[in-house]
Amino acid sequence: MSMPVPAPLVFCSSPFDGDLPFQAWADLSLEIDGQPEHDENLLNLAGFLVRQALVDQQPERLKQASDVESALYGLRAHVQLYSGGCFNFAEALTEEDQPSPEVEVIPGISIGNLLLLAKGAARAGIEALHRHLKPVDALANALQQAQESDLSQPAQHVCALLPGMTITLTPPFADSQTLIYPSRLDTYQQQLKLEELAGLPQQRCEILLGDQLLDDTQPAYGIAYDILSMMLRLLRQRALESGQPDLSARQQEWQRVRLVIGSGLHYSAQFMLNPETYQPAFGNAVRGLKLAGTQSIMLPDHLDLPALEQVWEALAHEDMLVEWQRVQASKDVADRSLMLNLEVACKLEVLAIDADEQLQVLVSYRDSEFISEPAAQQAAASVPEAEQTPAQVPALAADAAKVEQQAMRPHDDLTAPRKSGSYGPLLLAAVIVATLTVILLRG
């Protein structure tokens, strides 16, 4: 059973009113990106971070600095910091501030709700931390950005590292406790991913390509995730427009959301000729994939080619795979002008657990319910600019459509393998008819 992950801890959730010391003690150790560190300034900074973590854990008991120091007696603490990117920003200076005659960048760190600048007691530790955590050139890049910025008002520029942090606390005569604080960059990316899925936890969403479960290590996962995100957002919009709660507001009613790619398949073939030369438009036979209302022509320079190939090869019927191998090897002009199309339907299923503790489909939605753009417009938009002309394939589409059913029948009608070249004469006849039509029209 898939359950949502617990909410991550937020560092500095209970800001301390007084000043917490930047000071290490004998039973404090530190690692940065997996490497032990013994620098005094870094350990002093780690000491401050542990103190704040203790206040977050026991805000009702640790109300002043002396309470925090007493909590350190006999306590062993191990701090691990992990590189997590950086964030550059500028803060306007007040009238009391004296702006520096030169542009300068102040190093800092940001963990949870804590933003700590390299000033006062924190300065040495934060400056040392910037020399260890990646990106190692964060300050130099921030300085360059600051020098190139055109701010109308004086400002101080800050480059704040965004480390992830783990603190393991071992009190005397007690078990260890591990506190995990994700990098703010990781937190932001998770929030963005949550918004992409219309407020649903990714752990409760899954994608099937046919009967194969996709994960983020497979080429097709990216475009499949985009389809899932699109359908969930449109479903949420539909709920909002009707005044009904969306799936994110009814998470107790369902267990899992599943996108099934390949819930319906249709095969077709068409000719693609360049109207200027009457030669195959792409030089050789090509494959086309219509997925979620978008027609893609699978050319070598297509950015998503590995993903499209995985979908095509996972779902195409055996007859179509054989036909593709045949036309690839053929030298016939009709075969070389062919585009074999696979149209893939998708459905979104909302699953719940029944009385027998089995998953059942609560409700399902087809991608056609959300997609209204005419297929002809989408197909035209998918053709590369280099191949588009004002009169691309005139009359050829109509001629090809006449023999399409003979060239490629829908999957449900495929009952026996076809002999190779069974529709070659028909294709050649259509090419000749189309060519003569264009010549006569121009004459």
Side-chain angles (χ1 to χ4, degrees), residues 1-10 13 84 112 162 164 180-264 291-294 304 307 310-311 314-315 344-373:
M1 182 181 297
S2 177
M3 299 295 292
V5 296
L9 295 172
V10 178
S13 56
L162 306 173
I180 300 176
Y181 304 94
S183 163
R184 289 192 63 182
L185 182 61
D186 292 340
T187 302
Y188 171 76
Q189 290 173 338
Q190 288 299 320
Q191 290 173 343
L192 184 62
K193 193 173 290 292
L194 191 64
E195 177 58 27
E196 288 176 353
L197 297 176
L200 305 187
Q202 187 178 11
Q203 294 77 15
R204 297 180 67 180
C205 301
E206 65 183 20
I207 301 171
L208 291 182
L209 176 59
D211 57 1
Q212 175 189 5
L213 184 64
L214 286 183
D215 59 43
D216 57 7
T217 65
Q218 300 179 63
Y221 181 82
I223 58 175
Y225 180 91
D226 289 342
I227 296 171
L228 173 63
S229 176
M230 175 195 69
M231 293 185 69
L232 287 175
R233 293 199 307 270
L234 291 174
L235 188 61
R236 177 178 60 179
Q237 183 63 31
R238 177 187 292 184
L240 293 175
E241 291 174 353
S242 63
Q244 301 295 321
D246 66 351
L247 286 176
S248 66
R250 299 185 287 111
Q251 295 192 35
Q252 73 282 358
E253 299 177 9
W254 52 273
Q255 178 63 28
R256 191 175 303 167
V257 170
R258 173 187 295 161
L259 175 69
V260 181
I261 299 177
S263 58
L291 183 60
T294 301
D304 293 322
Q310 183 182 0
V311 174
L315 300 178
V344 178
C346 305
K347 66 179 177 181
L348 183 70
E349 297 179 337
V350 181
L351 307 175
I353 297 180
D354 60 17
D356 297 326
E357 297 296 316
Q358 300 295 319
L359 284 174
Q360 66 173 357
V361 178
L362 194 61
V363 61
S364 66
Y365 307 90
R366 297 186 302 274
D367 56 355
S368 57
E369 297 181 44
F370 302 100
I371 300 165
S372 58
E373 184 179 353

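Count residues from 1 along the sequence. Because the structure is a prediction, the values reported are computed rather than measured.
Of the possible polar contacts, none joining the R258 side chain to the L208 backbone as a donor-acceptor pair under 3.5 Å is found. The main-chain N or O of L200 is never found under 3.5 Å from a side-chain atom of S248 such that the two would form a donor-acceptor pair. Between the side chain of D354 and the backbone N or O of E357, at least one donor-acceptor pair lies under 3.5 Å. A donor-acceptor pair under 3.5 Å links the side-chain atoms of D246 to the main chain of A249, judged by distance alone.
From L192, atom CG reaches atom CD of Q189 across 8.0 Å, with rounding to the nearest 0.5 Å. To the nearest 0.5 Å, the span separating CZ on R236 from CG on L197 amounts to 10.0 Å. The CG atom of L351 lies 9.0 Å from the CD atom of Q255; values are rounded to the nearest 0.5 Å. The line from CD1 of I207 to OH of Y225 is 8.5 Å long, rounded to the nearest 0.5 Å. L214 contributes atom CG, which lies 9.0 Å from atom CD1 of I223 (distance to the nearest 0.5 angstrom). From D215, atom CG reaches atom CD of E206 across 12.0 Å, with rounding to the nearest 0.5 Å.
Taking every heavy atom of both residues into account, V10 and G112 meet most closely at CG1-CA, 4.4 Å. The nearest pair of heavy atoms linking G84 to S183 is O-OG, 3.4 Å. Of all the heavy atoms in A224 and I261, the pair that sits closest is CB-CD1, 3.5 Å. Listed here is the closest heavy atom pair of R256 and L359: NH1-CD1, 3.6 Å. The shortest non-hydrogen separation linking L348 to V257 is CD1-CG1, 3.5 Å. Residues Q310 and P219 approach most closely at OE1-CD, 3.2 Å, considering heavy atoms.
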Q | Full working for side chain to side chain contact (heavy atoms under 4.5 Å, CB included) between F370 and L235 | A | CA-CA 8 Å; F370 302 100; L235 188 61; 4.1 Å; yes
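Between the side chains of R204 and Q251, a donor-acceptor pair is found at a separation under 3.5 Å. For the residue pair Q190 and Q202, no side-chain donor N or O sits within less than 3.5 Å of a side-chain acceptor on the partner. When only modelled atom types and interatomic distance are considered, R233 and S229 share a side-chain donor-acceptor pair under 3.5 Å. Neither side chain, Y365 nor E349, offers a donor N or O lying under 3.5 Å from an acceptor on the other. Under the 3.5 Å distance criterion, with hydrogens and angles disregarded, a donor-acceptor pair is assigned to the side chains of E241 and Q237.
Between K347 and E369 no salt bridge is recorded (no basic side-chain N to carboxylate O distance below 4.0 Å).
Between L9 and I180, every side-chain heavy-atom pair lies at or beyond the 4.5 Å cut-off. Looking at heavy atoms from C-beta onward, I353 lies out of side-chain contact with W254 at the 4.5 angstrom threshold. Residues C205 and L228 form a side-chain contact, since some pair of their non-hydrogen atoms from C-beta on lies under 4.5 Å apart. Between L259 and I227, some side-chain heavy-atom pair lies under the 4.5 Å cut-off.
Around the CG atom of D216, the shell of radius 6.0 Å holds more than 12 heavy atoms that belong to other residues, nucleotides or ligands. More than 12 heavy atoms of other residues, nucleotides or ligands shown are found within 6.0 angstrom of CZ on R238.
Cation-pi geometry between K193 and Y188 is not met at under 6.0 angstrom from the ring centre and within 45 degrees of the axis.
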